[in-house]
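Computed from heavy atoms alone, side chains included, the values below leave out hydrogens, waters and symmetry copies. Everything numeric here is computed off the predicted structure, so don't read it as measured data.
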Amino acid sequence: MRKFIFLIVIVGAIWAWRTGNLPGGKAQGSFDKSGKPMLLIFTFAGCGVPCETVLAELKTRKAPFEEMAFDPANSSDENMKWLSRLGGKNAAPFIVAGDSKMTGDSTAQLAGVLGENFGKSYLTSEERRYFREHFADDGKPRIVMYAASWCGYCAKLRKELQDGKIDFLEIDVEKSEERQQLTQTMYISGYPSTWVGYRKVDGTSASDVKRVVRELK
């Protein structure tokens with residue numbers, strides 16, 4: 001009986017490490033028992049092209065990952081429960097590595113997740129070159145706003161950051177000699193497209209940028 005209880009405790013401890021839920025540990029993330037980030041990809045049978053795209057991309061990059069197939073119609077599905085604890089909402093692909101999370105098949109965001117947790121190992125040469133601008137000489141993440149001169153939202157964000165005395169680098173994509181390559185590599189579908197280090201900002205306001213800066217501290 002004692003051996004059985006001991007086994008349950010061990011299994012529970014391993015699960016806690018994998019989900020980052022040990023007391024005093026990192027909450028709601030994906031880590032192995034030594035505390036290193038683990039890359040998990042949550043998928044379901046009907047996900048189709050988005051899931052196939054992400055899985056193929058990771059295989060091409062030779063990035064180690066674990067696919068977590070779940071059944072969105074089954075509330076007792078263990079992977080479904082795990083997805084919910086991590087903040088996923090039945091969307092796929094849902095990607096978790098360490099404290100980083102993303103939904104969808106954006107190659108640029110996926111590269112950011114890989115860079116944030118595994119360094120340059122699984123980035124392309126173009127990604128490494130562009131992401132280099134996202135960091136200061138001391139390695140600290142910097143704010144980079146990809147913009148266009150005619151963009152009103154860019155002007156608004158620029159003013160908010162300047163008024164708040166927040167340092168940032170602005171790159172006018174449409175004046176770049178590598179416009180097509182830059183747009184494709186960083187998956188710039190609209191302006192402004194703002195990053196803090198490897199983390200893409202979801203939103204176009206200074207408060208959105210500040211939120212990501214806080215998350216990375």
Side-chain angles (χ1 to χ4, degrees), residues 39 41-44 46-61 63 65 87-97 99-118 120 122-135 141-162 166 168-213 215-216:
L39 181 61
I41 316 298
F42 287 84
T43 66
F44 64 87
C47 179
V49 173
C51 289
E52 293 170 3
T53 298
V54 167
L55 293 173
E57 185 67 29
L58 289 172
K59 290 174 182 176
T60 297
R61 294 170 183 261
F65 69 91
K89 298 179 180 178
N90 299 353
F94 184 74
I95 301 162
V96 186
D99 291 320
S100 306
K101 301 171 187 176
M102 67 167 278
T103 303
D105 60 353
S106 165
T107 302
Q109 278 187 274
L110 178 61
V113 169
L114 294 173
E116 191 171 323
N117 292 278
F118 308 105
K120 302 176 182 178
Y122 308 115
L123 302 183
T124 66
S125 58
E126 290 84 3
E127 289 165 350
R128 294 182 186 187
R129 185 156 56 89
Y130 292 134
F131 274 125
R132 191 180 303 129
E133 297 288 347
H134 294 204
F135 295 88
R142 67 195 303 188
I143 299 166
V144 177
M145 178 174 72
Y146 293 99
S149 58
W150 49 262
C151 169
Y153 288 108
C154 301
K156 179 176 178 292
L157 178 55
R158 182 188 306 115
K159 185 176 186 306
E160 289 177 351
L161 293 174
Q162 290 173 340
I166 300 172
F168 68 100
L169 171 66
E170 181 174 348
I171 297 176
D172 192 322
V173 176
E174 302 202 351
K175 291 182 180 179
S176 171
E177 295 180 356
E178 301 181 359
R179 174 183 174 182
Q180 184 174 355
Q181 182 67 61
L182 176 58
T183 300
Q184 181 179 342
T185 301
M186 299 310 297
Y187 198 72
I188 300 171
S189 58
Y191 303 119
S193 180
T194 310
W195 293 72
V196 183
Y198 285 120
R199 187 82 59 93
K200 192 175 190 303
V201 176
D202 183 13
T204 60
S205 70
S207 60
D208 295 320
V209 175
K210 291 176 183 177
R211 171 178 49 78
V212 174
V213 170
E215 289 175 355
L216 293 175

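- At a threshold of 4.5 Å between non-hydrogen side-chain atoms, the residues Thr194 and Asp208 do not count as touching.
- Heavy atoms only, all atoms of each residue included: Leu123 and Gly115 are closest at CD2-N, 4.1 Å.
- Remark: Leu161 CG to Phe168 CZ distance equals 5.0 Å, nearest 0.5 Å.
- When each of Val144, Ile143, Leu169 is paired with His134, the side chain to side chain contact (heavy atoms under 4.5 Å, CB included) condition holds for Val144 and for no other.
- Trp195 and Phe131 have perpendicular rings, their planes meeting at more than 60° on a 0 to 90° scale where under 30° would count as parallel.
- When the shell of 6.0 Å around OH of Tyr187 is examined, it contains 12 or fewer heavy atoms from other residues, nucleotides or ligands.
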| request: Could you walk me through whether Ser149 and Glu174 pass the side chain to side chain contact (heavy atoms under 4.5 Å, CB included) test, one step at a time? | output: CA-CA 8 Å; Ser149 58; Glu174 302 202 351; over 6 Å; no
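- Looking only at distances, a side-chain donor or acceptor of Asn117 sits under 3.5 Å from a matching main-chain atom of Ala97.
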| task | Using the side-chain hydrogen bond (donor to acceptor under 3.5 Å, both in side chains) rule, take Glu116 and Ser100 through it: C-alpha gap first, then chi angles, then the decisive distance, then the call. | result | CA-CA 8 Å; Glu116 191 171 323; Ser100 306; 3.1 Å; yes
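- Put simply, NZ on Lys200 and CG on Leu110 are 14.0 Å apart, with the number rounded to the nearest 0.5 Å.
- Shown here for Val196 and Leu216, the closest heavy-atom pair between the two residues is O-CD1, 3.5 Å.
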| request: For the pair Asp202 and Arg211, evaluate side chain to side chain contact (heavy atoms under 4.5 Å, CB included) and give the outcome as yes or no after the intermediate values. | output: CA-CA 10 Å; Asp202 183 13; Arg211 171 178 49 78; 4.2 Å; yes
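- Closest approach of Leu182 and Ile188 over heavy atoms only: O-CD1, 4.1 Å.
- Ser176 OG to Tyr146 OH: the interatomic distance, rounded to the nearest 0.5 Å, is 9.5 Å.
- Closest approach of Gly104 to Ile95, counting heavy atoms only: O-CD1, 4.0 Å.
- Residue Glu170 holds its CD atom at 7.0 Å from SG of Cys154, rounded to the nearest 0.5 Å.
- In this structure, the separation between CG on Leu55 and CZ on Phe65 is 5.0 Å, given to the nearest 0.5 Å.
- In this structure, the side chains of Lys89 and Phe94 stay at 4.5 Å or more apart for every pair of heavy atoms.
- Atoms OG1 and CZ, from Thr107 and Arg61 in turn, are 6.5 Å apart once rounded to the nearest 0.5 Å.
- The heavy-atom pair separating Glu178 from Tyr130 by the smallest distance is OE1-OH, 2.6 Å.
- Outside the 6.0 Å centre-distance limit, the rings of Tyr191 and Tyr153 are not counted as a close aromatic pair.
- Each of Gln181, Gln180, Arg179 was scored for a side chain to side chain contact (heavy atoms under 4.5 Å, CB included) with Thr183, with one residue passing: Arg179.
- A pairwise comparison of heavy atoms in Leu157 and Pro192 identifies CD2-CG, 3.9 Å as the closest pair.
- Under the 4.5 Å side-chain criterion, counting only non-hydrogen atoms from C-beta, Glu215 is not in contact with Asp99.
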